[in-house]
Protein chains: 2
Amino acid sequence: MDGNKKISIAVIKRLPRYYRYITELLENGIAKVSSQELSRRMNLTASQIRQDLNCFGGFGQQGYGYNVEVLHKEIASILGIPDPFNVIIIGAGNMGQAIAKYENFNKRGFVFTGIFDKNPNVIGQDINGVKVAHIDTLEDFVKENKTDIAVLCIPKENAMEIARRVAALGIHGLWNFSSTDLHNIEEEFGTVVENVHLTDNLMVLGYRISELRKNGKN
Amino acid sequence: MDGNKKISIAVIKRLPRYYRYITELLENGIAKVSSQELSRRMNLTASQIRQDLNCFGGFGQQGYGYNVEVLHKEIASILGIPDPFNVIIIGAGNMGQAIAKYENFNKRGFVFTGIFDKNPNVIGQDINGVKVAHIDTLEDFVKENKTDIAVLCIPKENAMEIARRVAALGIHGLWNFSSTDLHNIEEEFGTVVENVHLTDNLMVLGYRISELRKNGKN
DNA sequence: TAGATTGTTAATCGATTAACAATC
DNA sequence: TAGATTGTTAATCGATTAACAATC
């Protein structure tokens with residue numbers, strides 16, 4: 001009765017990208033798109049696009065293709081954009097501040113509601129309309145303000161402790177920028193964790209450059 | 001004669017994570033580790049660890065396991081850590097500055113050498129020991145200073161133009177933070193591109209939270 | 001109706017896991 | 001030598017691609 005056919009993470013990771021392309025088509029006033037046309041633009045196979053979209057429903061029409069407006073609305077709804085997530089940031093250092101000021105998140109249904117730190121020098125400072133609060137006021141804040149996601153922009157040494165504190169408050173999503181893995185948080189608290197291991201990603205780039213030079217050059 | 005068995009990207013993406021764990025073992029003075037012990041710590045199968053490491057060589061020893069110091073050195077070498085990459089940043093906005101100030105990159109062999117912008121208000125400003133230069137001086141800078149990687153921290157509207165400009169200068173790696181795909185750059189210039197689509201990643205988190213609430217709660 | 005394009009099943013490909021012989 | 005654990009081959013699993021009947 002619940003139709004849970006468990007969609008694979010590979011498909012889910014492609015959704016935001018579909019959303020970007022469909023939004024662009026919509027903004028350019030393009031009314032319909034076929035899987036073939038979209039495959040050309042996105043550099044995917046048409047087959048994969050049809051498979052992916054069909055995980056969520058038959059949004060297309062045989063002989064016609066996909067109505068861009070319909071598809072845009074459907075993907076937005078799948079991604080939960082219609083009702084926004086409230087986001088707090090833990091750590092008002094360089095990365096925390098950069099995220100707080102990043103305007104794109106708003107457009108995608110993420111609302112920045114609070115930022116916390118333990119450093120007295122930044123507490124009270126205004127960042128994108130929100131005052132940095134002391135980390136010890138976190139619990140009170142979350143009790144009074146619906147909070148969906150906490151962004152961890154803190155050194156890895158404190159990451160685990162803060163993650164447990166945040167998860168214990170019933171916050172359902174953790175966006176982890178501290179370069180460490182948050183073991184057992186998902187299992188223990190049922191909190192969802194997404195990691196942004198920037199250094200890891202940069203190292204992959206480094207590896208690929210080395211390969212390129214080894215193979216391409218000589 | 002070149003032993004190019006083409007290592008899959010899935011394996012390469014795990015390398016930095018292996019490196020983190022091995023570094024930790026090394027710092028804790030642990031001399032040896034078996035694939036089983038590592039699998040427990042990293043939450044991977046021992047089989048996968050052995051397969052992965054064997055793509056690059058037989059670093060272990062039957063009946064013993066892996067010598068941590070050896071393994072650390074080998075992975076570092078695979079990732080090109082021994083000889084550093086010079087990195088410039090294009091765009092001195094919030095994200096560009098956060099990256100410029102991020103200390104972890106240094107430890108992993110990435111050296112911040114320049115930062116460029118077109119906004120007169122930030123040009124000349126000192127960021128982590130480097131002065132923001134005008135984007136028009138980019139070409140001269142690269143001619144005089146070996147540059148391996150350019151980080152794009154600019155709005156998506158300018159991303160493609162700047163990417164082509166950077167690639168045309170012979171810079172081999174592009175780390176793209178502008179939320180757009182840099183079509184054809186790899187093919188046309190032979191430049192390696194790694195994308196950090198932060199908003200995409202955040203949207204995946206949003207999706208997973210929605211699923212959690214739908215399935216877990218009722 | 002004829003043409004186009006989806007939705008969906010089947011075939012292929014690649015990545016992960018299991019098993020075990022080699023060997024320290 | 002006996003025990004442990006790798007390196008490596010084979011089996012399994014899952015994701016992508018191809019094919020085509022359904023249908024607009």
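Chain A is the first sequence line, chain B the second, and so forth, proteins listed ahead of strands; every chain is numbered from 1.
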Whether [X] contacts [N] is assessed here as follows: a side-chain N or O lying under 4.0 Å from the phosphate OP1 or OP2. Is that the case?
X: A:T45; N: D:dT16; result: no
X: B:S35; N: D:dT5; result: no
X: B:R14; N: C:dT16; result: yes

Original post:
Which string of ( ) [ ] | and . matches DNA chain D, if you list each base 5' to 3' and count Watson-Crick or G-U pairs only when both distances are under 3.5 Å?
Top reply: ..||||||||||||||||||||||
Taking atom [atom2] of [N] as reference, at what distance in whole Å does atom [atom1] of [X] sit?
X: B:N54; N: C:dT16; atom1: CG; atom2: C1'; answer: 15 Å
X: A:Q61; N: D:dA22; atom1: CD; atom2: P; answer: 18 Å
X: B:D52; N: D:dG7; atom1: CG; atom2: P; answer: 12 Å
X: A:N43; N: D:dT17; atom1: CG; atom2: P; answer: 11 Å
X: A:I49; N: C:dT5; atom1: CD1; atom2: P; answer: 13 Å

**OP:** Flag this pair as yes if the NZ/CZ of B:K32 is under 6.0 angstrom from the six-membered ring centre of B:Y64 and inside a 45 degree cone about the axis; otherwise no.
**Re:**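 Yes, a cation-pi geometry holds between B:K32 and B:Y64.
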**OP:** Check the angle between the aromatic planes of A:F105 and A:W175 and answer parallel, tilted or perpendicular using the 30° and 60° thresholds.
**Re:**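 Correct class here is perpendicular.
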Subject >> Plane angle bin for B:F110 and B:F85 - parallel if under 30°, tilted between 30 and 60°, otherwise perpendicular >> reply: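 Parallel, since the angle between the ring planes stays under 30°.
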Original post:
When the nearest nucleotide of DNA chain D is assigned to A:Q62 and to A:L44 on a heavy-atom basis, which residue is associated with the more 5' position?
Top reply: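 Nearest-nucleotide comparison on DNA chain D picks A:L44.
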Please list each protein N or O that sits under 3.5 Å from an N or O in nucleotides 9-11 of chain C, with the distance.
residue : atom : partner : partner atom : Å
C:dT9   : O4   : A:Q51   : NE2          : 2.8

Original post:
Can you pull the salt bridge (Lys or Arg N to Asp or Glu O under 4.0 Å) pairs that have at least one residue in residues 89-115 of chain B, sequence neighbours excluded?
Top reply: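 Matches after skipping sequence neighbours: none remain.
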